[in-house]
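Have a look at the structure below before the remarks.
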Amino acid sequence: MRLLIIGINIRHIACSARRAGHEVYAVDGYCDLDLESCACDVAPLSRDGMEGPKGKGDPVSEHIERVRPDAIILGPGLEEVRVRGVPLFNNSPDKVRRISDKLWQARWLERNGFPFIRTEASAEGLDFPVMIKPRRGAGGVGCRVARTRSELDWGEGLIYQEVVAGRPASVSVISDGKEARALAANEQLIGESWTGAAGFRYCGNITPLEPHPESDIAGMAEGIVSRLRLVGSNGVDFLLTEEGAVVVEVNCRFQGSLDSVQCATGVNLFQAHLNSFRGVLPERPAIICSAGRAILYASRPLKIKERLLFPWTADVPRPGSRAERGDPFISVLARGSNREEVVSRLRERGELVRKALH
């Protein structure tokens, strides 16, 4: 199938599609080196996304005219864009917009009897410390804890949550709009200092989740995704607390765990995503190994001079590109027989990348 995949960062989606045998045309905000090996053509997209009027001059329409694809897949940052005249293999823009609202999510989880984190449009009535988050957004960007009223941020587009301690985890799910199938439970790497990430920034995954929790988070994720009538690849994030699992959020899109899930299960997530639109779901797969992806963040302003394309790197920046302090600039991948092996290899490879930059 001739596919146009467009988004701020779509390397993981495009490469999965290419491995499934599709003809891939990519429009991406980074145009990384390894994306080139997965696509017949790579075109740049503004990292500001799709702000501004739609219609003539709209980058999606321009690339549809240029590529003439059989279908389109919208990636990160563009999932709410409306596409006309070409089949779209995504959840509908209206559904994505509604579910991406974290305040709406919390109310929906409460109404449907799932464990949730108390979430409010203001901090009134919440005990300190309070978690402050953008009402919309991903990757932990803009999340912080206020320990006193004087540390609160006030403004539109923010939500306030009770602070819950727990181990971050996620479940990767494929759904056909009626039924859902959990493919893997994953450990989430959040704010790991060895990646250069700070605060609550998302910095990768380990698949499978070890040790496996007592709570049936796979079954819970299937129930949530099926009740929301989502289609394709979707994810549910959890915190594993002493009292049990609590839902953090639902992501109605391809997740950053795609690399580790594919490696650990042998399932091609892109093809499973496409098949779900025909009502075909995979069985829950067996785990064949442990696998991980870690996103490295710049500890200082960087100008990339080296060619960092190795068998175990991904999202590889082009020589001459720049990253500001705190920006993600590359990913490292690893597999092993258990979590400890995978984390050790990720850390070693992260150090090798940083040494190569000096």
Test S331 against D315 for side-chain hydrogen bond (donor to acceptor under 3.5 Å, both in side chains), laying out the working first. CA-CA 6 Å; S331 297; D315 310 308; 2.6 Å; yes
Aromatic ring proximity, centroids under 6.0 angstrom, H22 and F270: yes
Inspect the surroundings of CZ in R181 and state if more than 12 heavy atoms from other residues, nucleotides or ligands are less than 6.0 Å away. yes
My understanding is that only one of K102, R135, R107 makes a salt bridge (Lys or Arg N to Asp or Glu O under 4.0 Å) with E120; could you say which? R107
Considering residues, nucleotides and ligands other than R335, do more than 12 of their heavy atoms fall under 6.0 Å from its CZ? no
With clusters defined by side-chain heavy atoms of hydrophobic residues (ILVMFWY) lying less than 4.5 Å apart, directly or transitively, does L269 cluster with I288? no
Atom CG in D216, atom CD in E222: separation rounded to 0.5 Å? 7.5 Å
R19, CZ: over 12 other non-hydrogen atoms inside 6.0 angstrom: yes
Does a sphere of radius 6.0 Å around CZ in R66 hold more than 12 heavy atoms from other residues, nucleotides or ligands, not counting ones at 6.0 Å or beyond? yes
Quick check: are the SG atoms of C289 and C263 less than 2.5 Å apart? no
Nearest 0.5 Å please: distance from the CG atom of N90 over to the CG atom of L78. 9.5 Å
Spell out, as yes or no, whether a donor-acceptor pair under 3.5 Å connects the side chain of D259 to the backbone of R293. no
Any donor and acceptor pair, going by atom type alone, linking the side chain of E341 with main-chain N or O of S337 inside 3.5 Å? yes
In this structure, is the centre-to-centre distance between the rings of H273 and F89 below 6.0 Å? no
